[in-house]
Amino acid sequence: MVFIGRRLHSTIYLLTLVMLVMALSGCTYGGRTDGGQKKGVSSIIGVSQANMREEWRVALIDELKKETERSEDIQIITADATGDVDKQIQDIENLIGYGIDLLIISPCDEKELVAKIKEVYDSGIPVIVMDRAVEGFDYTLYIGPDNEMIGQQAGTYIAELLGQNGGNVVELSGSQSSKQGSERLLGFRKVLSENGNITINRLHLGAESKDAAYDMIMAAKGVVAQADVVFAYSDIMALGVCDAVRDLGLDDKVRIVDCDGFKGADEGIDLVRQGRLTATVSCPIGGKEAIDYALSILGHESGVPKQVILRSNLVTSENVEESLEKINTAVVDDGSTIRVGYSQVGSESNWRLANTKSIEEAAKRFNIDLHMEIADQSQERQYEAIRSFIREGVDVIVVSPVVENGWDEVLREAKRAGIPVIMSDRNVSVENREENLTTTYLGADFMEEGRRAMRWIRDNVKKDGRQSVMEIMGNEGASPTEERGKGFREILSENPSYYIAYSDHGDFTYEGGREVVRKYLENNDWDIDIIFSHNDDMALGAIEELKAHGIKPDEDVRIVSVDATKEAFKAMVRGELSCAVECNPIIGDQLMKAIRDLHSGKQMPFRIITDEKIYDQSMADDYINKRMY
Ligand code: AHR
């Protein structure tokens with residue numbers, strides 16, 4: 001419930017005023033089919049849409065309005081930026097002028113709107129960014145699909161459909177400016193380029209519309225007649241393709257595959273049901289999720305993540321009815337106790353201890369019967385734990401894996417037993433993502449942490465000439481090790497005045513960090529300008545070892561680490577650690593919320609990413625006492 005009693009009268013007054021002003025500025029009201037305002041409404045959500053030309057954007061606004069109708073507490077005002085950044089900035093200002101309590105924005109341009117979004121967020125108005133993620137974390141929540149993944153799913157399906165002999169594929173592309181379309185094509189092409197037996201003919205449309213697709217297929221009928229499959233990356237184009245293929249009398253020969261999979265009449269799922277489309281990769285538009293989370297944010301509920309990457313599913317004639325049923329079934333949490341088996345990687349760091357505590361405490365609040373097994377960095381022990389959870393018949397298994405690889409078999413066993421598996425904090429890499437061996441990943445964006453560390457170095461550690469970096473890595477094969485390293489190198493490669501001179505594993509432990517520095521000093525004089533440590537414990541160990549050799553931390557060498565634990569703050573206050581990139585271990589509430597959602601039958605997103613910041617010595621004094629871990 002988001003009602004805030006004392007604001008009721010002023011809100012009703014404001015809504016009336018807003019109705020008048022909006023008529024003059026091109027914004028529209030939602031939340032009631034009759035267009036009137038709701039009585040008793042306590043929160044106004046402003047929606048700034050990039051444009052209303054693209055079909056899915058119109059569908060998003062419809063979904064947001066429909067979802068809003070379900071709640072007596074909220075009303076939405078929408079504004080169409082017509083693809084113009086300046087107009088979108090003006091729209092946002094107008095919406096704020098109307099007194100909105102929360103902003104939902106799908107930006108025209110993810111770079112040019114960063115500053116405006118940050119300004120709104122800093123002013124205390126929560127911001128949900130949709131579809132295109134903006135750089136940094138200066139917003140409340142991002143919700144969007146993984147379009148490259150959607151394209152890959154379509155490509156993988158077509159490759160399987162054609163089998164070893166391969167065949168001819170016609171690929172339709174729409175407007176060059178559709179970022180969504182280009183990302184889908186990127187994923188699609190990546191998969192098909194690996195298959196030498198598939199020939200692709202590309203047809204470019206002037207506009208992403210049903211008519212343009214129809215005309216193009218008719219004009220290219222010679223090429224289409226030779227094709228085994230036509231691929232279109234959106235429902236609207238696929239509908240034009242279906243009509244043209246029918247009119248050419250090719251519907252028995254040519255199969256059509258698309259992305260979007262909307263649920264309305266003559267949209268992806270319906271076309272599969274009618275047998276006109278062979279398959280669609282269906283992804284929620286996100287409107288329902290946005291309103292659900294908006295209510296949680298306005299109600300100050302705990303467990304709201306930073307990013308939600310929506311799940312996409314392949315829908316064919318075999319699962320179309322089941323998919324529709326899932327989409328149309330209302331989800332209700334009956335509040336019953338859920339039995340959860342948790343395989344925790346170990347107790348290697350302060351971060352991990354805080355993480356375990358947060359999970360154990362949250363389980364009690366969310367009525368979850370938690371059975372946690374600590375694996376002391378042993379994959380074998382994690383296998384044993386997972387197998388014992390399967391024997392016990394728990395409702396959900398959660399795993400924080402020591403390394404990324406080697407999980408397929410045991411995850412298949414859980415799947416055969418009908419027990420869903422959530423990856424917490426660290427993710428796994430499976431051979432075939434289509435097998436859906438895990439339901440979702442909840443944790444940090446490790447790549448972004450690595451990027452942030454290097455961006456801080458780029459902006460704060462400068463001297464003439466090139467600067468050498470020592471990288472102290474976590475344990476080999478763990479997802480935070482791999483991804484932090486990748487993200488760091490991504491930004492490093494754009495800044496040639498920095499280079500990695502030495503890199504070694506410290507396994508995320510204090511002793512490991514000490515050992516890396518000790519070993520280096522056995523063979524070298526100290527010539528390192530910057531240390532990038534994959535966690536705080538290793539950085540603290542490295543600092544001790546440096547001091548033992550008379551090398552002054554932060555003076556002779558700048559040190560940046562990841563986690564931002566209380567111990568790291570103390571080291572910043574002492575002037576030894578230069579900067580700490582946050583990796584938040586307090587994910588108990590978010591995890592328990594995801595478990596309850598999963599258990600009550602809700603479609604799980606691919607990834608749920610937690611909120612993180614970056615701190616350096618200039619902020620350490622202000623934040624040290626607020627640190628919970
Ligand atoms: O997986 C998260 C990492 O694991 C933390 O950064 C590190 O401290 C921990 O041991």
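We're numbering straight along the sequence, starting at 1. When a ligand or atom number is given, it counts from 1 through the structure's own listing order. Atoms considered below: every heavy atom in the structure, side chains included; atoms not considered: hydrogens, waters and symmetry mates.
Of the N and O atoms on the side chains of Asp529 and Ser468, at least one donor lies less than 3.5 Å from an acceptor on the other residue. Between the side chains of Ser424 and Tyr342, a donor-acceptor pair is found at a separation under 3.5 Å. For the residue pair Asp507 / Thr509, no side-chain donor-acceptor distance below 3.5 Å is found, with atom types taken as modelled. In this model, no donor atom of one side chain and acceptor atom of the other lie less than 3.5 Å apart for Asn350 and Thr565.
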Does ligand 1 have any N/O atom under 3.5 Å from a protein N/O, and what are those pairs and their distances?
| from | atom 1 | to | atom 2 | distance (Å) |
| --- | --- | --- | --- | --- |
| ligand 1 | 1 (O) | Arg352 | NH2 | 3.4 |
| ligand 1 | 1 (O) | Asp425 | OD1 | 2.8 |
| ligand 1 | 1 (O) | Asp425 | OD2 | 3.1 |
| ligand 1 | 1 (O) | Arg426 | NE | 2.8 |
| ligand 1 | 4 (O) | Arg352 | NH2 | 3.0 |
| ligand 1 | 4 (O) | Arg426 | NH2 | 2.9 |
| ligand 1 | 6 (O) | Arg484 | NH1 | 2.9 |
| ligand 1 | 6 (O) | Arg484 | NH2 | 3.1 |
| ligand 1 | 6 (O) | Asp563 | OD1 | 2.6 |
| ligand 1 | 8 (O) | Ser349 | OG | 3.2 |
| ligand 1 | 8 (O) | Asn535 | ND2 | 2.9 |
| ligand 1 | 8 (O) | Asp563 | OD2 | 2.6 |
| ligand 1 | 10 (O) | Glu348 | OE2 | 2.3 |
| ligand 1 | 10 (O) | Ser349 | OG | 3.0 |

Listed pairs under 3.5 Å, donor-acceptor, residues 149-157 side chains, sequence neighbours left out:
| from | atom 1 | to | atom 2 | distance (Å) |
| --- | --- | --- | --- | --- |
| Gln153 | OE1 | Ser312 | OG | 2.5 |
| Gln153 | NE2 | Ser312 | O | 3.1 |
| Thr156 | OG1 | Gln152 | O | 2.7 |

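A cation-pi arrangement, defined by a distance under 6.0 Å to the six-membered ring centre and an angle within 45 degrees of its axis, is present between Arg387 and Tyr383.
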